[in-house]
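Nothing here was measured: the structure is a model prediction, and the numbers come from that model. Heads up: numbering here begins at 1 and tracks the sequence.
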Amino acid sequence: MRAHTPGERGKSKHKKADKETLEVVCRLTPYNGCNPCLILVDENTVECCPPNGVLQRNGQPYANKVYEFGRVFDETDTQKDVFERCSVDLIEHLITGRNALLFTYGVTGSGKTHTMTGSSNRNQCGILPRTLDTIFNSIQDSVVDKCVFYPTGKGNTFNIRAKRDAREEVRRLRVNSEIEADDDRFIETKKVDGYNDDYACALFVSYVEIYNNYCYDLLDNGPMDQSPPSLDVHMDANQMVYVGKLKEVEVSNADEALQLLKQGDNRRKVCDTLLNKESSRSHSVFTIRLVMAPSEEEELYPVQDASRIIVGQLSLVDLAGSERAKRTLNTGDRLNEAAKINQSLMTLRQCFEKLRKNQRRVLQESVPYRDTKLTYLFKNFFEGAGKVRMIICANPRPDDYEENQNVLSFAEESQSVETKKDVGRMETHNQAGIICRPPVPRKFYAGWNHEIDRCRPPFNMTPLEVFPWEDVKRGNDDVCMLREYSRRKGDETGDDNILTLLNGLGEGLRSRLCVSDYEGSIMEELKVKEEELNERRTSDAALIKKLKRENASLRSRLLVYEEDNEDRVEMEREMRRVKEEEKERLRRHRGRVEKTLEIANGVTPSVATLTNKFNEKKEMMEYIESDRQTLRERKDKRDGMMVDRNGYYDPKYHRRSQSASRVLDHQPVYRIPTGNILRPKMPTNSKSTTNPLMIELKSSSAYVLTHQEVDKDGAVSTSLIKIEGWLNGRVNVFPQLVGAQLFASLTLKGSVINHLLKVPLDCN
């Protein structure tokens with residue numbers, strides 16, 4: 001069970017009769033994320049749930065808390081629902097001569113401006129445009145021409161111009177009440193009952209911005225690139241607070257007022273912050289003042305008596321959102337703006353807290369209204385000059401949990417603030433001294449009387465005995481004839497009751513005729529509207545047929561386009577696959593080219609260089625020529641028997657003799673690994689080198705050359721060339737090569753020498 005709100009105990013019923021509490025409603029911003037920190041319990045209750053990992057300053061976790069308000073709106077409630085719940089009764093206060101204040105409060109980015117203003121379409125239209133439409137729907141038959149009422153400039157008072165002065169003022173100012181309306185704008189059709197149409201009225205609007213604790217007129221006509229001068233807040237002789245030198249503009253319809261609203265919004269301070277792309281940097285106050293006075297009987301014009309003027313006021317306030325500097329990371333001007341905003345909102349909280357305390361104490365404390373312009377401007381409302389309602393806007397995202405908790409706690413406590421009830425000041429028919437009229441609008445009744453009296457022709461009285469009863473028709477002249485006949489008849493008979501009865505009958509007949517004419521005019525209007533609706537229905541039916549044909553044509557074309565699109569998608573997919581294959585092939589080719597360039601730029605010795613080394617000394621060649629026969633005999637002997645090449649083993653020294661056979665393994669400087677499984681096995685005493693010397697060639701009994709080259713496809717081929725035949729330190733190579741065991745092909749092209757040698761390989 002919830003505890004009593006502070007300030008609710010100990011109040012007598014007598015005190016509550018003439019007081020009312022500040023009403024608070026809550027609206028939750030639509031949120032599609034996970035773990036919302038605000039959950040709707042029912043239409044009056046919202047639960048605040050702490051996100052995971054959020055702790056208090058003492059390290060303890062937050063507990064779930066439930067808050068109750070007059071109404072809680074969630075994402076399923078529309079702008080119209082919010083308007084009808086929060087603004088309709090305040091409009092009734094306005095048209096009956098009372099005051100009202102409606103303001104939005106919450107964290108930055110919680111939807112305050114959207115709730116108050118919205119956009120022009122049906123679903124997003126906010127409270128302010130709907131309020132203006134509803135007001136003019138309720139008073140449309142009682143609005144006088146412009147320049148009849150005018151502000152005196154002394155406080156909140158108004159006065160009335162004479163008819164001639166009003167016409168001259170219109171001519172001087174060149175007032176044009178016709179403006180271009182926004183065709184795309186949604187127009188609210190709701191109408192509020194309660195306005196006394198015996199009163200003539202005019203509507204004035206003003207738009208104030210409170211920026212850095214300074215008041216600025218948003219309807220100022222100065223240059224847009226220059227800031228208007230700041231205005232002071234004053235208090236008049238009746239202890240009513242007002243903004244000095246504030247421009248109040250008279251409007252004849254809602255379109256004019258919305259145009260002024262748009263003009264003021266263009267001047268309002270708005271900036272992009274980390275938490276909101278269009279963050280309001282100031283508080284805005286749009287004030288609607290309805291000035292009313294009893295109308296004359298003959299026409300719709302106020303009676304020339306300023307003391308009978310009644311002014312109703314409705315202030316719609318869009319407060320800037322509270323924000324923390326550590327979240328917005330603001331600096332410079334943005335940081336100063338946030339500090340001023342938070343200061344004014346904190347002063348508002350302090351004022352409510354003082355009001356709550358004063359309700360429970362005999363000794364009253366001073367309320368700090370004057371600390372900020374915002375609280376000072378609404379001092380009269382908080383002291384009972386009108387009804388006050390607050391809309392709390394909250395975003396359920398987890399990052400706003402702590403700030404939402406502070407806002408909701410403040411809002412719940414504010415519901416216990418009591419203000420005096422504002423009693424209506426609108427006069428009734430008897431108080432105004434106006435004769436009761438038939439149940440028709442005041443404007444129609446005055447026009448009907450003027451027309452009937454102007455069109456009544458003179459007539460001659462008929463003798464009583466021959467009165468033409470069969471010729472009596474509906475009309476004012478026959479009514480007067482009947483009244484005169486009844487008067488003379490009563491004088492002759494001396495019966496006053498007949499005269500009184502017939503006088504009343506004449507007034508009743510006139511009243512019935514007026515009502516009948518009014519109903520006839522309504523019927524004519526309905527017929528015109530019906531004809532317009534029929535024409536519109538016919539045009540809409542033709543348009544629907546046309547749209548159906550276009551829709552069928554578009555469907556057939558869409559099917560063709562979808563088929564073409566599928567083929568195009570398939571072709572694009574195939575082209576993409578081919579392109580990927582080409583990229584892969586190009587990548588492999590580039591790799592081969594890079595390997596080829598690496599080999600070509602290497603320092604691998606060519607066969608020609610080796611040949612030059614073998615032919616280095618002329619006497620070696622001469623020795624080979626002289627011992628050709630000896631080589632042949634040695635070959636025959638080798639073919640017949642195996643030659644032991646292991647050398648002589650001397651057990652004395654436990655090592656091989658120097659005459660033992662040795663293999664010289666000539667490797668490329670940059671050899672490309674091929675990864676073959678079958679590889680030649682070299683003797684343990686073989687010597688590997690990349691640059692063989694002549695002395696090494698002479699001391700070796702066998703020579704093995706490893707040669708690598710790249711073909712046109714980029715494949716690497718490795719050739720092993722084995723040459724043996726050194727005996728007793730002499731080289732006998734070329735006689736063996738000539739013996740048909742060597743096939744040599746030398747091709748010189750540029751700087752590349754391809755040398756292919758085919759020799760039986762025996763590396764055992």
Quiz item: Is there a donor-acceptor pair closer than 3.5 Å between any side-chain N or O of D232 and the backbone N or O of G244?
Solution: no

Practice problem: With side-chain contact (heavy atoms from CB on, under 4.5 Å) as the test, would you mind laying out the steps for V311 and L290 before giving the verdict? | Solution: CA-CA 6 Å; V311 180; L290 183 62; over 6 Å; no

Quiz item: Using the ring of each side chain (for Trp, its six-membered ring), is F410 parallel, tilted or perpendicular to F352, with breaks at 30° and 60°?
Solution: parallel

Quiz prompt | Passing candidate, side-chain contact (heavy atoms from CB on, under 4.5 Å) with H283, options T372, L345, L377, V208 | solution = L345

Quiz item: Counting N and O atoms only, with roles assigned by atom type, does the side chain of E20 sit under 3.5 Å from a partner on the main chain of E418, one being a donor and the other an acceptor?
Solution: no

Quiz item: Can you find a pair of side-chain heavy atoms, one from D197 and one from D141, that are under 4.5 Å apart?
Solution: no

Exercise. Give a yes or no answer on whether the side chain of S280 reaches the backbone of V270 with a donor-acceptor pair at less than 3.5 Å.
Key: no

Exercise. Would you kindly say whether R356 and S416 are connected by a side-chain donor-acceptor distance under 3.5 Å?
Key: yes

Self-check item: N/O donor-acceptor pair under 3.5 Å between D236 side chain and M240 backbone
Solution: yes

Quiz item: If you measure from the Lys or Arg side-chain nitrogens to the Asp or Glu carboxylate oxygens, is any gap between D255 and R185 under 4.0 Å?
Solution: yes

Quiz prompt | Between D318 and T113: side-chain donor-acceptor atoms closer than 3.5 Å | solution = yes

Quiz prompt | Steps toward side-chain contact (heavy atoms from CB on, under 4.5 Å) verdict (F149, M292) | solution = CA-CA 9 Å; F149 293 97; M292 299 166 284; over 6 Å; no

Quiz prompt | Donor-acceptor contact below 3.5 Å, side chain N99 vs main chain Q313 | solution = yes

Quiz item: Hey, is the main chain of H114 close enough, under 3.5 Å, to the side chain of Q79 for a donor-acceptor pair?
Solution: yes

Quiz item: Going by heavy atoms in the side chains, are C393 and T115 under 4.5 Å from each other?
Solution: yes

Exercise. Inspect the surroundings of CG in D371 and state if more than 12 heavy atoms from other residues, nucleotides or ligands are less than 6.0 Å away.
Key: yes

Exercise. Using atom types as modelled and distance alone, determine if a side-chain donor or acceptor of E383 lies under 3.5 Å from a backbone N or O of K420.
Key: no

Quiz item: When you measure from the centre of the six-membered ring of Y211, is the NZ or CZ of K340 under 6.0 Å away and within 45° of the axis?
Solution: no

Quiz item: Taking the side chain from T347 and the backbone from Q343, do they hold a donor-acceptor pair closer than 3.5 Å?
Solution: yes

Self-check item: No-hydrogen, no-angle side-chain donor-acceptor test under 3.5 Å, T287 and Y207
Solution: no

Quiz item: Does the side chain of R71 come within less than 4.5 Å of R27's, by heavy atoms?
Solution: no

Quiz prompt | Side-chain heavy atoms of N253 within contact of L132, under 4.5 Å | solution = no

Quiz item: Which residues pass the salt bridge (charged side-chain N to carboxylate O under 4.0 Å, His left out) test with R122, sequence neighbours left out?
Solution: none

Exercise. Check the surroundings of atom NZ in K80: do more than 12 heavy atoms from other residues, nucleotides or ligands lie under 6.0 Å from it?
Key: no

Quiz item: Looking only at side chains, do T45 and D42 share a donor and an acceptor under 3.5 Å apart?
Solution: yes

Exercise. Indicate the atoms forming the closest heavy-atom contact of P151 with E248, along with that distance.
Key: CB-OE1, 4.3 Å

Quiz item: Checking Q364 side chain against N358 main chain: does a donor-acceptor pair fall under 3.5 Å?
Solution: yes

Practice problem: Verify the ring-centre separation between Y369 and Y376: is it less than 6.0 angstrom? | Solution: no

Quiz prompt | Closest contact, heavy atoms only, A202 versus V144 | solution = CB-CG2, 4.3 Å

Quiz item: Got a donor-acceptor contact below 3.5 angstrom from the S87 side chain to the E84 backbone?
Solution: no

Practice problem: Report yes if the side chains of Y105 and R349 come closer than 4.5 Å at any heavy-atom pair, otherwise no. | Solution: yes

Exercise. Under the side chain to side chain donor-acceptor pair (under 3.5 Å) rule, what do N137 and T134 come out as? Steps first, then yes or no, please.
Key: CA-CA 5 Å; N137 293 339; T134 305; 5.1 Å; no

Quiz item: Can a salt bridge be assigned to the pair R85 and E23 using a cut-off of 4.0 Å between side-chain N and carboxylate O?
Solution: yes

Self-check item: Check against side-chain contact (heavy atoms from CB on, under 4.5 Å), C26 and L408
Solution: CA-CA 9 Å; C26 178; L408 295 177; 4.2 Å; yes

Quiz item: Can the ring centres of F103 and F378 be said to be less than 6.0 Å apart?
Solution: no

Quiz item: Would you say the side chain of E209 lies within less than 4.5 Å of the side chain of Y214, judging by non-hydrogen atoms?
Solution: no

Quiz item: How far apart are the C-alpha atoms of N336 and N212, what are their side-chain angles, what is the distance that settles it, and do they pass the side-chain contact (heavy atoms from CB on, under 4.5 Å) test?
Solution: CA-CA 8 Å; N336 185 40; N212 286 347; 3.9 Å; yes

Exercise. Give a yes or no on whether a salt bridge exists between K146 and E256, defined as a side-chain N under 4.0 angstrom from a carboxylate O.
Key: yes

